[in-house]
Structures are given as structure tokens and as C-alpha cells.
Novice: 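Dropping the structure in here first, questions after.
What you see below is based on every heavy atom in this structure, not just the backbone, and it leaves out hydrogens, waters and symmetry mates.
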Amino acid sequence: MKRAFSGVQPTGNIHIGNYIGALKQFVELQNEMETVYCIVDLHSITVPQDPKELKEHTLDVAALYLSVGLDPEKSIIFIQSTVPAHTELSWILTCHSYTGELSRMTQFKDKSREKESAPAGLFTYPLLMAADILLYDAQFVPVGNDQKQHIELTRDIAERFNNKYGETFVVPQYKGTKVGARIMALDNPTNKMSKSAENEYSRISLLDSPIKVKKSIMKATTDSDNEIKFDEENKPGISNLLTIYSVFSGMEVGDIEKKYKGCGYGQLKKDLVEVVNDSLVDIQKKYNEIRKSEELIKILKEGREKAQTISQKTMERVKSKLGLVRF
Ligand code: TYM
């Protein structure tokens, strides 16, 4: 049976980029293979966090996992820091990787740009991510395309380890969606939609009110020729809106182009507000039911138990290959 592993950081509100690039795939894969999904709280402390907020955000993401359709009967859902093997394997991988390859990670370069010194955790971040994936023998990693380079590094490290010590790790593959592997910011469609951008109208969060969704879409940057056509290079703004429309409505982009032929951007935006709000209403209803329920903690505890069982087996294998004494 094949297995997929992925994770989301509990930093702020999850946005539709996270949903389209990652969460939607998580849900679809549940019916195709074994699936293990984590809330990666240890990754989020690579930048300063307010402890109270971190706790709340971690449970928020867990509740959102369930609200978008993850089923604890089908998927293992757990919090990264509750399974110690993640940090344990991360150290071992740190000893099998090089500062040169870590320096080439574009996310590290972006986050440390213009800083004289960056937190060491930001630099070793991809190794904790590699540990997450390799612990579960995952063949597939469903993520947005901003994570592709990290998966490449995970593959390199897994192959290097296997070559040195014999078959130990499954070498995983990036799994991106056909439509929407990179959703762009609404205010500037040359940047990716991000949780940390200053302008809150640059993104739509899954828990946004209908009014906030409306404002964000109506303000979205488009070009001035008013022709509704998918052309990422020359019309990135309208192409981004078409992608979002397609994902939330289930319509093909070509059919949406046809539907709006001769109409202006205003009409498309107005309808898109409705399409997005209709989907978010369902997610938010479920979220409000589950977020404060005892069921949520129960699911996370059960997830932790299952994750421990799988990850401990991997650690036994790794330690034995390395010659670390066990008794
Ligand atoms: P994070 O928390 O930044 O993002 C969660 C997921 O959302 C995807 N994503 C996007 N997809 C499309 N368009 C966008 N604008 C967009 N923004 C974000 C991300 O690609 C990701 O899939 N390092 C990871 C978390 C992680 C992880 C892992 C993922 C830690 N360990 C192991 C997979 C496997 C991250 O920061 O994702």
C-alpha cells in the first residue's frame, strides 16, 4: 500500500492557497492510499511565536483539517511535537547533510535576506521536514510547488543515506496539483499568496467572513484590457482568479472563459465572491462544530499513537544501521 505524508504550519489562518495547493489534495488522496498528515508546530518556531497563539493556532489547523474533509478513520492526523522521533531523526539527518546544499534553499535565502545573522532553525528547517517525510516511508508528498526544492533535498539525503548504509529510507516524490500548485497574492499576482504578507486583502483565509472575501476579491489586481482569458504570463491576475474559480466551482478553466466571454472583470469577480463564499460556509460550519469539541483532542491523541508506532519502527532501523547501541 502506498503512503502519502504532508504537513502544514500552524502560523495564522490557513488561506485558500494552502487549501488549493495542499489540503484539497490531502482529502483526495485519502481514498487512494494510506495518508498521514501532521500539524508542524516545530517548524513554526523557527520564527518567533507567541506561546498562547501557537497553541490555539495548532488546534485551529487540526480543526481545519477535519473541516475540509479529512477523515480520522482514513488518515492519521497528529501534532508533530507530540512524536519525539521527528527531532531525533532530524539530528541524524543534520549529520548527513551539508551547509552548501542548505544554503541553496530559496526559502532560507528569502527569509534570511538582508539579515546579518538568521536563526539556525531557519537554516536546518528542511532537515526537520525531511525527517517528517522519511519517518513514515512516504512515497508521495502532496504540497504546493513552493515546497518542491525541499522535497528534492529530502530525496538527495535519503539516497545518500541509502547508498552509505544500505536501503533504509523510501525515496519520496513531490505531488503537486494540476491546477493551483501556486496560488498568487490577490494584490500582486507576481507574488505567491502567503500567510505572512502585510496586506490582509492579499489572501483569503478559510475562516474569513463573507464581507472580507468580497473585499479581497473585488480589490484584486487585474490588468486593464478587460478580456477574460487564462494567460499566466501576460494576465497573471485574471489567470489567478480563473484558477480559484475553477477549483471552488469544479468547472474547467476553458468553460469559465466561455461562460464569461464578452463580460467584464466586474461580473467575474462578483460571481467568484459567491462561489468562494459558498464553499467557505460549509468549511466554517464544520470548523465551529469541531474546534472546541473533546473529539478533536481524542483524534489527535489517536493520531499520535499511530504515528509513534510507525516512526519508532523507522528509528529502530536507522539506529541499527548507524551502529547506535540499543537495548
Ligand atoms: P506551509 O505551512 O507554508 O504551507 C502549507 C501547504 O500549503 C502550500 N502552499 C501553497 N500552495 C499553493 N499556493 C500557495 N500560495 C501556497 N502557499 C502555501 C505549501 O506548499 C504547503 O504544501 N514546510 C512546509 C510544511 C512541512 C511539510 C513537512 C510539508 C513541514 N514538514 C513535510 C510536507 C511534508 C510549509 O511550510 O508549509
Novice: Report yes or no: do Tyr65 and Ile299 belong to one cluster of Ile/Leu/Val/Met/Phe/Trp/Tyr joined by side chain heavy-atom distances under 4.5 Å?
Specialist: yes
Novice: Hydrophobic cluster mates of Leu128, side-chain heavy atoms under 4.5 angstrom, ILVMFWY only, any path?
Specialist: Leu42, Ile45, Leu54
Novice: What residues form a ring pair (Phe, Tyr, Trp, His ring centres under 6.0 Å) with His86, not counting sequence neighbours?
Specialist: Phe78, Tyr136
Novice: Determine, stepwise, if the pair Lys306 / Glu34 fulfils salt bridge (charged side-chain N to carboxylate O under 4.0 Å, His left out).
Specialist: CA-CA 12 Å; Lys306 292 179 193 160; Glu34 280 182 21; over 6 Å; no
Novice: Could you pull out the closest heavy-atom pair between Gln107 and Gln147, with the gap in Å?
Specialist: NE2-NE2, 3.5 Å
Novice: Can you tell me if CD1 on Ile211 sees more than 12 non-hydrogen neighbours from other groups inside 6.0 Å?
Specialist: no
Novice: Strictly distance-based, threshold 3.5 Å: is any side-chain N or O of Thr314 a donor or acceptor partner for the main-chain N or O of Leu135?
Specialist: yes
Novice: State, to 0.1 Å, how close Val275 and Ser249 come at their nearest heavy-atom pair, and which atoms those are.
Specialist: CG1-N, 3.9 Å
Novice: Mind checking the CG-OG spacing from Leu64 to Ser205? Nearest 0.5 Å is all I need.
Specialist: 9.5 Å
Novice: Could I get the full list of ring pair (Phe, Tyr, Trp, His ring centres under 6.0 Å) partners for Phe161, not counting sequence neighbours?
Specialist: His96, Tyr165, Phe169
Novice: Where do Pro172 and Ile151 come nearest, in terms of heavy atoms and distance?
Specialist: O-CG2, 4.4 Å
Novice: Report yes or no: does Gln149 contribute a side-chain atom to a donor-acceptor pair with the main-chain N or O of Arg104 at less than 3.5 Å?
Specialist: yes
Novice: Backbone N or O of Glu198 within a donor-acceptor pair of the Ser202 side chain at under 3.5 Å?
Specialist: no
Novice: Looking only at non-hydrogen atoms, find the nearest pair between Ala4 and Pro142 and report the distance.
Specialist: CB-CD, 4.1 Å
Novice: Does Lys148, at its NZ atom, have more than 12 non-hydrogen atoms belonging to other residues, nucleotides or ligands within less than 6.0 Å?
Specialist: no
Novice: To the nearest 0.5 Å, what is the distance between CG (Leu186) and CE (Met193)?
Specialist: 4.0 Å
Novice: Only counting residues at least two apart or in another chain, list the ones meeting side-chain contact (heavy atoms from CB on, under 4.5 Å) with Pro126.
Specialist: Leu102, Met105, His150, Leu153
Novice: Would you say the side-chain atoms of Lys235 pair up with the backbone N or O of Glu227, donor to acceptor, closer than 3.5 Å?
Specialist: yes
Novice: What residues form a side-chain contact (heavy atoms from CB on, under 4.5 Å) with His57, not counting sequence neighbours?
Specialist: Pro10, Glu53, Asp60
Novice: When you measure from the side chain of Ser194 to the backbone of Ala197, do you find a donor-acceptor pair of N or O atoms at a distance under 3.5 Å?
Specialist: yes
Novice: Any chance NZ of Lys214 has more than 12 other-residue heavy atoms, nucleotides or ligands included, within less than 6.0 Å?
Specialist: no
Novice: As an exercise, state the distance from CE of Met129 to CD of Gln80, rounded to the nearest 0.5 Å.
Specialist: 10.5 Å
Novice: Does Tyr265 offer a backbone N or O that forms a donor-acceptor pair with the side chain of Asn226 under 3.5 Å?
Specialist: yes
Novice: Sequence neighbours left out, what passes ring pair (Phe, Tyr, Trp, His ring centres under 6.0 Å) with Phe108? Give chain and number order.
Specialist: Phe123
Novice: Working to the nearest 0.5 angstrom, can you tell me the gap between Trp91 CH2 and Leu127 CG?
Specialist: 10.5 Å
Novice: Under 4.5 Å side-chain heavy-atom separation, chaining through any Ile, Leu, Val, Met, Phe, Trp or Tyr, what else clusters with Tyr201? Say none if it is isolated.
Specialist: none
Novice: Can you sort out the partners of Phe248 under ring pair (Phe, Tyr, Trp, His ring centres under 6.0 Å), two or more places apart, ordered by chain and number?
Specialist: Tyr19
Novice: Is the NZ atom of Lys212 crowded by more than 12 outside heavy atoms at less than 6.0 Å?
Specialist: yes
Novice: Does any N or O in the side chain of Asn240 come within less than 3.5 Å of the main-chain N or O of Pro236, such that one atom is a donor and the other an acceptor?
Specialist: no
Novice: When you check the gap from the basic side-chain N to the acidic O, do Asp282 and Lys285 get nearer than 4.0 Å?
Specialist: no
Novice: Applying salt bridge (charged side-chain N to carboxylate O under 4.0 Å, His left out), run through Lys270 and Glu274 and close with a yes or a no.
Specialist: CA-CA 7 Å; Lys270 231 172 102 217; Glu274 247 178 66; over 6 Å; no
Novice: Are the side chain of Lys111 and the backbone of Val47 linked by a donor-acceptor contact shorter than 3.5 Å?
Specialist: no
Novice: Using every non-hydrogen atom in the two residues, find where Pro84 and Gln308 come nearest and quote the distance to one decimal.
Specialist: CD-OE1, 3.9 Å
Novice: Is there a donor-acceptor pair closer than 3.5 Å between any side-chain N or O of Gln139 and the backbone N or O of Arg3?
Specialist: yes
Novice: Looking at Ser81 and Ile79, would you say the former's side chain and the latter's main chain have a donor-acceptor pair under 3.5 Å?
Specialist: no
Novice: Could you list the donor-acceptor pairs under 3.5 angstrom formed between side-chain atoms of residues 69-77 and any protein atom two or more places apart in sequence or on another chain?
Specialist:
unit_1 : atom_1 : unit_2 : atom_2 : d
Asp71  : OD1    : Glu73  : N      : 2.8
Lys74  : NZ     : Asn31  : OD1    : 2.9
Ser75  : OG     : Gln30  : OE1    : 3.0
Ser75  : OG     : Thr35  : OG1    : 2.7

Novice: Looking only at non-hydrogen atoms, find the nearest pair between Cys263 and Ile228 and report the distance.
Specialist: O-CD1, 3.6 Å
Novice: Using only heavy-atom distances, determine whether the side chains of Asn288 and Gln284 contain a donor-acceptor pair under 3.5 Å.
Specialist: no
Novice: Excluding sequence neighbours, so at least two apart, what forms side-chain contact (heavy atoms from CB on, under 4.5 Å) with Phe230?
Specialist: Glu232, Ser239, Leu242, Thr243, Val253, Glu257
Novice: Sequence neighbours excluded, which residues qualify as side-chain contact (heavy atoms from CB on, under 4.5 Å) partners of Val213?
Specialist: Ile204, Asp208, Ile217, Val276, Asn277, Leu280
Novice: Please check if Ile183 and Val68 belong to a single hydrophobic cluster, counting links between Ile, Leu, Val, Met, Phe, Trp and Tyr side chain heavy atoms closer than 4.5 Å.
Specialist: yes
Novice: Could you measure the distance from the CD atom of Glu28 to the CD atom of Glu32? Nearest 0.5 Å is fine.
Specialist: 7.5 Å
Novice: Give the other cluster members for Val325, using side-chain heavy-atom distances under 4.5 Å between Ile, Leu, Val, Met, Phe, Trp and Tyr residues; answer none if it is isolated.
Specialist: Phe327
Novice: Considering only NZ, NE, NH1 and NH2 on the basic side and carboxylate oxygens on the acidic side, decide whether Lys319 and Glu88 come within less than 4.0 Å.
Specialist: yes
Novice: So Arg317 and Glu167, salt bridge (charged side-chain N to carboxylate O under 4.0 Å, His left out) or not? Walk me through it.
Specialist: CA-CA 10 Å; Arg317 204 164 68 226; Glu167 279 312 298; over 6 Å; no
Novice: Between CG of Leu268 and CD1 of Ile238, what distance do you get to the nearest 0.5 Å?
Specialist: 5.0 Å
